[in-house]
Amino acid sequence: MIEYYDISGCYILRPWAMSIWEIMQVFFDAEIKKMKIKNCYFPLFVSSSVLEKEKDHIEGFAPEVAWVTKSGKSDLEIPIAIRPTSETVMYPYFSKWIRGHRDLPLKLNQWCNVVRWEFSNPTPFIRSREFLWQEGHTAFATKQEADEEVLQILELYRRIYEEFLAIPIIKGKKSEMEKFAGGLYTTSVEAFIPNTGRGIQGATSHCLGQNFAKMFEINFENEKGEKGMAWQNSWAYSTRTIGVMVMVHGDDKGLVLPPKVSSVQVIVVPVPFKDANTQGIFDACAATVDTLCGAGIRAEADYRENYSPGWKYSHWEMKGVPLRIEIGPKDLANNQVRAVRRDSAAKVDISCDSLAGKEALSQRKMILAPWCDEEEVEKDVKDRTRGEMGAAKSLCSPFDQPELPEGTTCFASGKPAKKWTYWGRSY
Ligand code: 87F
């Protein structure tokens, strides 16, 4: 996931880690856009006068601020700080942009890096001197609107942990001592690492009250021509999320990745024996990858000939791939594959015909699946499911549509999916 770097507390995020970040980013970015929050980008640098404008808030954090003092060999006239967070970077412009009540709410987010020159022991993802995050900064006319947003954002953070990273969290409010000193109150999602018996802050959503508005003069005139001061929030989650996931799910064999965030969800490993039909096994692996990819599953095969199957098993276990599929001579003969779960090591043989899973149907269930909305495919599903218990057909596309992420493929055709649709046997 990472590579060490020659500056203490800095790490290279390799594709295996970055892809997890990107999957969470796609989700969160779409959700905040639904809330009419807009993305922007502010500079990395802060002038000392602006950074130190809010003395109280910066006081405790000052030792962690990194400064640029030189360009080439000459000293800068005034040192420039590197953002540790962007309240002081952004709020002078909130003051400029907010004049009347029609300028509110102002809801901005940025995806960026921040630098905090920590001295306590650096740990990849958990405590690094530079890290990636999103920081949301919003301003409202009323406290009530700000209060509501604090909890909406906190719920998105819960979903990142619980739905994407498969980590249970507790939502709650920080004590006066533990809250962000510059704000009114702080809410957070807290996770727990069983191995070390420690809690860990997963993300924070702050109501800043009017403290910053006072400092930066973020004022507006209401409908009646009266002066008001903006109510503000700020909220963030960072690449620390990945560190929590590593610690919660990892085991003695290495990483254990939750399927939703794993860049490879299924790794297919050919297991050729000396006199076996090697080409046949390789072809079956390729067909398996095709079937799974067609069903919207991120599957790859490991065809390398200079590594043994056993070596590959350990390799992909260490990398945390949720499911391994092995195909050997016996599997080839029986038109089946062997699937092994990373989390439980449970093994099952699955027929190649039911690989992309209409298992639910044989269990008398209804199926909600992404569909390309083509009649040909609808007919094909009927044909393919025609068995003793009767064929499955489309039931309806629910008005209440779950999110359909960009790139989702139809469960039956592998074409781009247009909608979620229920399928099953019907009276
Ligand atoms: C380190 C150096 C300078 C944390 C710092 O939580 C300033 C700070 O203000 C600092 N470390 N903080 C608090 C950050 C508060 C707030 N900022 C926006 C968040 C969410 C995103």
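Numbers here are sequence positions counted from 1. Bear in mind the structure is a predicted one, so any value in this text is a computation, not a measurement. One-based numbering, in listed order, for ligands and for the atoms of each.
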* Check the pair His137 / Ser234 against side chain to side chain donor-acceptor pair (under 3.5 Å), numbers first and verdict last. => CA-CA 5 Å; His137 294 267; Ser234 76; 4.7 Å; no

Do me a favour and list the nearest non-hydrogen protein atom to [atom] with residue, atom name and distance?
atom                    : answer
atom 9 (O) of ligand 1  : His57 NE2, 3.0 Å
atom 11 (N) of ligand 1 : Arg116 CZ, 3.1 Å
atom 2 (C) of ligand 1  : Phe61 CB, 3.2 Å
atom 21 (C) of ligand 1 : Ala236 CB, 3.5 Å

* **Which of the ligand 1 atoms, numbered from 1, are nearer than 4.0 Å to a heavy atom of Glu64** =>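 In order of number, 1 (C).
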
* Atoms in ligand 1 with a heavy atom of Thr204 nearer than 4.0 Å ->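 This gives 6 (O) as the contact atoms.
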
* Could you tell me whether the side chain of Trp316 reaches within less than 4.5 Å of the side chain of Val340, counting heavy atoms only? =>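 They are not in side-chain contact.
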
* Looking at side-chain heavy atoms only, is the closest gap between Gln265 and Leu292 below 4.5 Å? ->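 Answer no - side chains too far apart.
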
* For atom 18 (C) of ligand 1, which candidate among Glu87, Arg83, Gln201 provides the closest heavy atom? ->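 Shortest heavy-atom distance from atom 18 (C) of ligand 1: Glu87.
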
* Winner among Tyr237, Phe180, Trp117, Trp235 once heavy atoms are compared against atom 13 (C) of ligand 1 ->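 Among Tyr237, Phe180, Trp117, Trp235, the closest heavy atom to atom 13 (C) of ligand 1 belongs to Phe180.
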
Sub-3.5 Å N/O-N/O distance, [X] and ligand 1:
X      : answer
Thr85  : yes
His206 : yes
Trp133 : no

* Please determine if Lys53 forms a cation-pi arrangement with Phe216, meaning its NZ or CZ atom is less than 6.0 Å from the six-membered ring centre and no more than 45° off the ring axis. =>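 The answer is yes, since Lys53 meets both limits relative to Phe216.
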
* Look at Glu317 together with Arg324 and state whether they make a salt bridge at an N to O cut-off of under 4.0 Å. =>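 Result for this pair is yes, salt bridge flagged.
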
Which side-chain N or O atoms in residues 398-407 pair as donor and acceptor under 3.5 Å with protein atoms at least two apart or in another chain?
residue, atom, partner, partner atom, Å
Gln401, OE1, Trp420, N, 2.8
Gln401, NE2, Pro398, O, 2.9
Gln401, NE2, Trp420, O, 2.9

* **Near-ring test Phe131/Phe125, centroid separation under 6.0 angstrom** =>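 Aromatic pair excluded; centres sit 6.0 Å or further apart.
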
* Applying side chain to side chain donor-acceptor pair (under 3.5 Å), which residue pairs with at least one partner in residues 236-258 are found, sequence neighbours left out? ->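 Every side chain to side chain donor-acceptor pair (under 3.5 Å) pair that includes a residue of residues 236-258, provided the two are not neighbours, is Asp251-Arg342.
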
